[in-house]
Each structure stands twice: as structure tokens, then as C-alpha cells.
Amino acid sequence: MSTLSYPEAGATRGGPLPDGYHHLRHRTRVGRGAADFAVAGAAVTEWRMHRASGAGVAASARRAEPGASVRVSLGLGPLRLGAPCQVVWTSYGEEGRTGFAYGTLSGHPERGEECFVVELAEDATVWFTVLAFSRPARWYTRLAGPMVPPVQRWYARRLGRTLRRIVQEEADGSPR
């Protein structure tokens, strides 16, 4: 029996996204070529992108693996909000894709799933995509109502900028 707080586990892998949720899709160009693809994929699946964006990450595995528990937190000091999740699927280089999705567990402010995928396109462009479906699960996210989707879009854009910076620093030989 799943401990996820929603029934549509895995829907971000192939879609379509389920009805009754807010849908998010954000795509960012982060590099070019196989080397950038490898760097971006490792940064995403080893939690480095999240940490470099300012999120706290406590994970039961060094890299994303199905069933791994993850607690992502945002904010400062006593205003830090934790969100328990579980990795529901991974992809490591299959068909030019590397990434994973995690789903929400009880105690998360939302219900749903979010995936973070790096893709190597035929023209060698490296793309990062955040795809998610969610709805409020706590009184304060219900109260925040229409403010939640813009915050989610802001965070997805932040992740894309962070990943692009990580890839660029690696290409330049700069310290991480």
C-alpha cells in the first residue's frame, strides 16, 4: 500500500496529467552537448540543483531512486517549511532523458507529484523541464489559494536558472 497522499502516482512520467489539480510545466535551456547533459542529469538526480537553489534536502539515498524518502524545505529559520516526499520514478539516460519525480506524503502542504527531467534533444540542446500537478492539502495552502501557482512557477524558474549556472560552472572549470 502506498503512503503517497494522492492516487495518480507516476502520472508525470508519461501523462496526461490528472484533472482536478493545478498543472505546471516549465522548460529551460541549460546547455549543449553530451557533457552538459551528463552534468545537468547528475546535478538533478543527486539533489545538487535543489540545494544550490536554496532548498534544504534530507534524502534517504545519495541520488534519486524509487522509494527513497526526501524532505525538501524552504524558508529561513523558524519560518522554514518542510515537505515530505517519496521518489516515485527515475530515468537514467533512457532515450536521452535523466531525471525523477517525487510524490507528496502526508504532512506535505500540497497533494500531487513533481518531476525534474533533463533531456538531450536531437540538435544537442540540453533542456530541463519541471512538470507537476498539485492541489492544496493543508489549511494554509488552501488559504493562500491563487498565490500558490505563481510561487510554484517562480521556484521552477529558479531551479532552471540554478541548473544552467551549475552546467556553465562545470564547463568553465569553476568551483561548484
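Bear in mind the structure is a predicted one, so any value in this text is a computation, not a measurement.
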If I compare all heavy atoms of C85 with all of H108, which pair ends up nearest, and what's the gap? SG-CD2, 3.6 Å
To the nearest 0.5 Å, tell me how far L143 CG sits from W139 CH2. 6.5 Å
In this structure, CG of L120 is separated from CZ of R97 (nearest 0.5 Å) by 13.0 Å
Heavy-atom closest pair, residues E170 and V39: CG-CG2, 3.3 Å
So do the side chains of F100 and S91 get within less than 4.5 Å of each other, counting heavy atoms only? no
Assert yes or no for the condition that the ring centre distance of F128 to H26 is strictly below 6.0 Å. no
Going only through I, L, V, M, F, W and Y residues with side-chain contacts under 4.5 Å, is there a path from V130 to V148? no
Just by distance, do the side chain of T98 and the backbone of G93 share a donor-acceptor pair under 3.5 Å? yes
Student check: side-chain heavy atoms of Q86 and S69 closer than 4.5 Å: no
Please step through side-chain contact (heavy atoms from CB on, under 4.5 Å) for the pair V44 and V117, ending with a clear verdict. CA-CA 8 Å; V44 167; V117 175; over 6 Å; no
Is there a side-chain contact (heavy atoms from CB on, under 4.5 Å) between S134 and Q152 once you walk through the steps? CA-CA 10 Å; S134 64; Q152 291 172 326; 3.1 Å; yes
Quick one: CZ on R48 to OG1 on T162, what's the gap to the nearest 0.5 Å? 11.5 Å
Could you tell me whether R135 and E110 make a salt bridge, using a distance below 4.0 angstrom between a side-chain N and a carboxylate O? no
Scanning both residues in full, the closest heavy-atom pair of I166 with A52 reads CD1-CB, 4.0 Å
Exam field: side chain T12 to backbone E114, donor-acceptor pair closer than 3.5 Å: no
Which heavy atom of L24 sits nearest a heavy atom of A156, and at what distance? CD2-CB, 4.2 Å
Approximate separation, where rounding is to 0.5 Å, of S53 OG and R51 CZ: 10.5 Å
Can you confirm if the NZ or CZ of R63 lies within 45° of the ring axis of Y92 and under 6.0 Å from the centre of its six-membered ring? yes
Atom pair OG1/CZ of T125 and R32 - distance to nearest 0.5 Å: 4.5 Å
With rounding to the nearest 0.5 Å, note down the distance linking CG in L163 to CZ in R161. 12.0 Å
Is there a side-chain contact between R29 and V126 in this structure, where contact means two heavy atoms from C-beta onward sitting under 4.5 Å apart? no
Is a donor from one side chain sitting under 3.5 angstrom from an acceptor on the other, for S106 and S5? no
Verdict with supporting geometry, V87 and V70, side-chain contact (heavy atoms from CB on, under 4.5 Å): CA-CA 7 Å; V87 176; V70 184; 4.0 Å; yes
Hey, does F133 have a side-chain heavy atom less than 4.5 Å from the side chain of E8? yes
Donor-acceptor contact present, side-chain H23 to main-chain P18, <3.5 Å: yes
With a 4.5 Å heavy-atom cut-off, do R25 and T129 have their side chains touching? yes
Taking the basic N atoms (NZ, or NE/NH1/NH2) and the acidic carboxylate oxygens, is any pair closer than 4.0 Å for R13 and E94? yes
To check you understand the geometry: which heavy-atom pair defines the closest contact between R142 and P136, and what is its length? CG-CB, 3.4 Å
For side-chain contact (heavy atoms from CB on, under 4.5 Å), just list the numbers for W127 and T28, CA-CA rounded to whole Å, side-chain angles, deciding distance to a tenth of an Å, and then say yes or no. CA-CA 6 Å; W127 293 97; T28 304; 5.8 Å; no
For G10, does its backbone N or O pair with a side-chain atom of E113 as donor and acceptor, under 3.5 Å? yes
Find out whether V88 and L4 are in side-chain contact, i.e. whether some heavy atom of one side chain is under 4.5 Å from a heavy atom of the other. yes
Does any N or O in the side chain of S60 come within less than 3.5 Å of the main-chain N or O of A68, such that one atom is a donor and the other an acceptor? no
Aromatic ring proximity Y6/Y21, centre distance under 6.0 Å: no
For the residue pair R71 and P84, what are the closest heavy atoms and their distance? NH1-CD, 3.6 Å
On the 0 to 90° scale, with breaks at 30° and 60°, tag the Y102-F116 ring pair as parallel, tilted or perpendicular. perpendicular
So, do D36 and R164 sit near enough that their side-chain heavy atoms are less than 4.5 Å apart? no
